[in-house]
Protein chains: 2
Amino acid sequence: MENDVTSPFLLRADGTPVRVLVVDDEPDLTEVVSGALRYEGWEVRTASDGASALATARTFRPDAVVLDWMLPDADGLTVLRGLRAELEGVCVLFLTARDAVEDRIAGITAGGDDYVTKPFSLEEVLARLRGLLRRAGMARRSDLLQADRLVVGDLVMDERAREVTRGGVVIELSRTEFELLRFLMRNPRRVLSKAQILDRVWSYDFGGKAHVVELYISYLRKKIDAGRTPLIHTVRGVGYVLKPDAP
Amino acid sequence: MENDVTSPFLLRADGTPVRVLVVDDEPDLTEVVSGALRYEGWEVRTASDGASALATARTFRPDAVVLDWMLPDADGLTVLRGLRAELEGVCVLFLTARDAVEDRIAGITAGGDDYVTKPFSLEEVLARLRGLLRRAGMARRSDLLQADRLVVGDLVMDERAREVTRGGVVIELSRTEFELLRFLMRNPRRVLSKAQILDRVWSYDFGGKAHVVELYISYLRKKIDAGRTPLIHTVRGVGYVLKPDAP
DNA sequence: AAGGCTTTTCAGAGGCTCCTCAGAAGAACC
DNA sequence: GGTTCTTCTGAGGAGCCTCTGAAAAGCCTT
């Protein structure tokens with residue numbers, strides 16, 4: 001029961017849930033993102049344009065904002081300035097198209113905010129949001145934020161350094177392998193279906209089949225379990241679990 | 001009588017029964033599912049299309065919805081959005097055809113909702129529903145939801161990790177064996193007929209005979225009772241009971 | 001004690017899930 | 001621009017699960 005991703009409350013210092021405002025003009029996208037955030041215990045509101053985002057921010061007073069860079073009525077930088085004026089120390093995570101990245105974004109990350117390029121995976125958004133709040137000093141309150149280091153048995157992941165070791169030995173992982181493993185390590189001893197994994201680790205626009213999950217599990221096994229007592233277990237007809245042998 | 005599946009009340013925090021809305025255009029199916037749910041103490045309503053589902057949801061205000069993915073008048077995602085807009089924090093369990101799975105299910109498991117493919121077994125639907133409500137924080141109020149762990153004598157089942165132990169020793173079970181055992185463990189000290197077991201554990205379209213139940217009971221005995229004092233007992237001409245020897 | 005019925009067990013076919021390999025397309029990096 | 005790394009598709013094959021049918025064992029009645 002410890003280290004449970006679904007522990008229903010993600011609390012701030014004052015005991016109220018952490019609040020996030022999701023702003024995007026595509027309803028499907030806000031639906032998926034806000035759903036995942038709610039599932040993880042955040043208190044979520046959504047908005048579909050810059051004006052209503054600012055209005056909602058004023059009353060809702062979120063700790064963080066997930067904000068589309070290109071909104072119908074406003075440009076990202078403008079909205080950012082508006083938010084900054086209204087909310088002291090709010091964290092902002094931008095969602096941007098891949099080619100719109102270069103320009104201004106550089107300046108944003110300097111200010112402590114961050115961005116994710118579309119199409120993104122939910123794991124990516126969640127990880128970045130956790131990182132932002134952690135850096136903003138909102139950490140140590142909840143289990144969900146405090147894990148800079150994930151540990152399962154002798155397998156250790158340092159999220160910030162993006163380094164994984166097993167028994168002290170460094171393991172090189174590709175981007176997708178890393179995200180898959182992070183998701184598994186955030187849900188130890190819990191069986192995760194391929195659909196669940198696909199929904200969280202792969203981008204929302206991924207058209208392929210759940211077969212990729214099997215493939216990447218096999219990659220991970222080769223790197224992590226090779227020759228050692230396995231941590232990744234198959235539950236036939238259900239999914240996969242990550243767990244140490246001795247509970 | 002403790003831990004009784006048919007304990008007549010399944011209550012929410014405010015003392016009223018937990019409510020679920022079942023939506024499917026096949027009357028036989030809603031009949032079977034809603035019957036089983038009522039039997040377990042849920043307060044149930046049914047609907048046969050998207051429009052009436054939303055209408056019913058508005059007044060009935062269910063805690064969970066069992067929803068066919070393919071309705072005559074609407075697509076699953078649309079109805080989901082409607083429900084979400086109307087009911088804060090409602091849990092949705094989708095029923096889908098096997099081949100429709102890969103399609104557009106994407107994202108729903110990330111939002112905390114879940115799905116079951118047709119043809120399904122009632123145990124599967126019930127287990128998933130319990131899981132949804134448990135995660136939504138509706139747990140600990142009622143006996144029916146609180147069991148993440150089922151215990152009968154020295155036999156322990158961890159539903160989430162899908163792990164079964166007897167006397168601390170891990171026992172590997174196949175999918176069907178696991179579901180059969182779960183049903184038995186949810187009804188300890190109660191004689192279950194082969195017909196009952198078949199109706200609950202096997203899919204509704206299963207054409208075979210009750211002989212499979214005998215076979216799977218024998219599999220379970222080999223794994224669970226082998227060499228130990230038996231937990232599974234035959235009641236000749238009636239069915240089977242799971243109970244510890246020393247009461 | 002025998003016969004008839006229920007239950008248990010065995011053996012095997014078929015189906016299905018999952019794992020792995022090989023290769024093509026794409027992205028990142030120099 | 002070329003090289004390397006990464007991601008994904010498809011096919012083949014291994015192994016596990018499920019179910020059928022038949023034979024053996026057990027229980028109850030007569």
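Letters go in sequence order (proteins before strands), and every chain restarts at 1.
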Requested in this report: Determine the contact category for L215(B): base if any of its heavy atoms lies under 4.0 Å from a base atom, sugar-phosphate if only primed atoms, P, OP1 or OP2 are that close, otherwise nothing.
Outcome: base

Report task. Compare side-chain N and O positions of T234(A) against OP1 and OP2 of dT17(C) and report whether any pair is under 4.0 Å apart. Result -> no

Requested in this report: Using a strict 4.0 Å threshold on nitrogen-to-oxygen distance, state whether K118(A) and D205(A) make a salt bridge.
Outcome: no

Report summary line: side-chain contact (heavy atoms from CB on, under 4.5 Å) with L184(A): of L155(A), I224(A), L192(A), only one passes, and it is L192(A)

Query raised in the report: Between T176(B) and dT18(D), is there a side-chain N or O to OP1/OP2 distance below 4.0 Å?
Result: yes

Query raised in the report: Can you find a side-chain donor-acceptor pair between R221(B) and T234(B) that sits under 3.5 Å?
Result: yes

Requested in this report: Report yes if at least one side-chain N or O of K209(B) is closer than 4.0 Å to OP1 or OP2 of dT6(C); otherwise report no.
Outcome: no

**Report entry** Nearest-nucleotide 5' precedence on DNA chain C, E214(B) against Y240(A)
**Finding:** E214(B)

Query raised in the report: Under a 4.0 Å N-O cut-off, is there an ion pair linking E177(A) with K222(A)?
Result: no

Query raised in the report: When you measure from the side chain of R175(B), which nucleotide among dT18(D), dT9(D), dC16(D) comes out closest?
Result: dT18(D)

Report task. Establish, with yes or no, whether the OP1 or OP2 oxygen of dT7(D) is under 4.0 angstrom from a side-chain nitrogen or oxygen of S174(A). Result -> yes

Query raised in the report: Does any N or O donor sit under 3.5 Å from an N or O acceptor when you compare the side chain of Y219(A) with the base of dC5(D)?
Result: no

